[in-house]
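Side chains included, hydrogens not; waters and symmetry mates left out as well; all remaining heavy atoms used. Proteins come first, then strands; the chains are lettered A, B, ... in the order of their sequence lines, and each starts at number 1.
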There are 2 protein chains.
Amino acid sequence: MPASPLFRRIDVAPAYQKVAEAIEREIVSGRIKPGDPIGTEHELVRQFGVNRSTVREGIRVLEEGGLLRRDSSRRLQACLPRYNKLATRLSRALVLHEVTFRELFEASMTLEVASTESAVERATEEDIAELAGNLARSEQVIADPAALAECDADFHVLMAKASHNRVLQLAREPAAQLFFPTTEMIVSHVPQGASRLIEAHRHLLEAIRRRDKAAGAQWIRRHLQDWRRGFERVASLDRSVEHMYMEHAKAVRRK
Amino acid sequence: MPASPLFRRIDVAPAYQKVAEAIEREIVSGRIKPGDPIGTEHELVRQFGVNRSTVREGIRVLEEGGLLRRDSSRRLQACLPRYNKLATRLSRALVLHEVTFRELFEASMTLEVASTESAVERATEEDIAELAGNLARSEQVIADPAALAECDADFHVLMAKASHNRVLQLAREPAAQLFFPTTEMIVSHVPQGASRLIEAHRHLLEAIRRRDKAAGAQWIRRHLQDWRRGFERVASLDRSVEHMYMEHAKAVRRK
DNA sequence: CAAATCTACTTTGTCCGACAAACCGATAAA
DNA sequence: TTTATCGGTTTGTCGGACAAAGTAGATTTG
């Protein structure tokens, strides 16, 4: 145990980091609210007394962290980090760690069941209406695997929203981003895949309407098992998530 | 539906983003392995044909995303994004969204139970040894709430590691980072809090040793319920996580 | 009077060149 | 063998510059 120190640890962080930290502090502490303008780069230069290049490096850090964005006219403003954007980073990390589909499946089984059970308990009328709207759209695009896969992903996002638990919502997102891109592949390879998917969604919605937790849990499990069986027709569960993800990322980038 | 287009959508992303994306592609695709050097800024300037300021902005983006780091001599190298670092961003996001302890508790109940059940099934001898080591340390610091709280957080991290499911490991981390900082407070306010905590850990370890899934699930639930009861003595579950987190963050920064 | 257009100013994205401090490697000195 | 010294790199920061795009106010037009 050292004696009480004479000197405080000196802060050797580079200037751009200090700029980023200073702005971050203001936002996290709530002194700057989401949507508030941060001021122009020139103003920040004046306030911090550093060069514009330095300010810009700090800004990039915060932009990437999701605390800052540029509005339509590219002026800076504070913002609430969107789960979705952060989840993308996490998904990428999972890919790099060469996570397998088995891990993804197991985790999703837990997360989606929890999300469903909460949704059954807490879904509001609006939540139900959104889910119903999604279901209707799904039925229209039943013959288009890509569109149906997108509907499926949305359905589960809506379900997580209906759980009214943002932690759960956030926790499931990275796995879902890797999990659901495979849906298109499965739906187009497995006969009856599309109709079974929609049937499961219909029963899930019905369970929510009746506040029947057991039915909800049962149908989400069945839905995921369907995915698993479908997936195993095409590839091994122990394959790393890497390839699928790469292809999907490419497709998204084209949009 | 548009006719097949004559021209491809031109890419108007700013140069620093393209630099970041180009490097990201190389890393995510595996052509650059974690640990590989990226080359000096000057080299990147040459390769991309843009200014150094531009390159540096791109580098900041990737550094923040965890794909790039600077080694001891500040040279750039690729790296695997650590869950922990990303989880910190997520935790911050949860704070900004004013998540409540109730949400945190419910999600953790799901995530920790799943993590425990997997650990019971799959923990290796090394996992068990690590958990046992942690338990021994806990018993030594039973009178020191801060140290005990740290042990508790570590215990659950080790448990997640023992689950051998990296998706689960990642999914629980953000919640845990917000959840466990309160442990110190609870342990020091609730008589028997420390001993109950250690008893729960002991039973959890025992359940893993005996591969007794039901016992594992039961004890982790009990452990979390203990937390909840303790917490409710001090504050309301419906309080936003914000204040606690802010104080904890300050404490960590001082370290 | 309202709408459209033009013009002057601001802001961002990028570039150039520069320099001190830190770091690396190798050689010289103890 | 260890320590000290000395160039050569590399990073972090700086100042200034300019084109493109956006903004807002003034001006023209219907």
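Listed nucleotides: D:dG12, C:dT11, C:dT14. Nearest to the side chain of A:T40: C:dT11. Nearest to the side-chain atoms of A:R60 among the listed nucleotides C:dG13, D:dT13, D:dG22 stands C:dG13. Ranking C:dT14, D:dT13, D:dT11 by closeness to the A:Y16 side chain, first place goes to D:dT13. Nearest to the side chain of B:T54, among C:dT14, D:dC14, C:dG13, sits C:dT14.
Without hydrogens or angle criteria, A:T54 side chain to A:Y16 main chain gives no donor-acceptor distance under 3.5 Å.
Both B:R75 and A:P14 lie near DNA chain D, and the one whose nearest nucleotide falls closer to the 5' end is B:R75. With DNA chain D read from its 5' end, the first of the two nearest nucleotides for A:R52 and A:Q17 is the one closest to A:Q17.
Between A:R60 and B:E64 there is no salt bridge, since no side-chain N of the basic residue sits under 4.0 Å from a carboxylate O of the acidic one.
The OG1 atom of B:T100 lies 8.0 Å from the CD atom of B:E106; values are rounded to the nearest 0.5 Å.
When side chains are defined from C-beta on, B:V157 does not count as touching B:Y83, because their heavy atoms never get closer than 4.5 Å.
Protein atom CD of A:E57 is 16 Å distant from nucleotide atom P of C:dT12, rounded to whole Å. Following rounding to the nearest Å, B:L68 (CG) and D:dT11 (C1') show an atom-to-atom distance of 14 Å. When rounded to the nearest whole Å, the span between CD1 of B:I59 and P of D:dT11 equals 7 Å. For the pair A:E41 CD and D:dG22 P, the interatomic distance rounds to 16 Å; values are reported in whole Å.
Contact annotation: A:N51 side-chain N/O to D:dT13 OP1/OP2 distance is not under 4.0 Å.
If you check every strand for non-hydrogen atoms under 4.0 Å, B:R70 touches sugar and phosphate atoms only. Using a 4.0 Å heavy-atom criterion, one finds that A:R56 contacts the bases of the nucleic acid, with or without backbone contacts as well.
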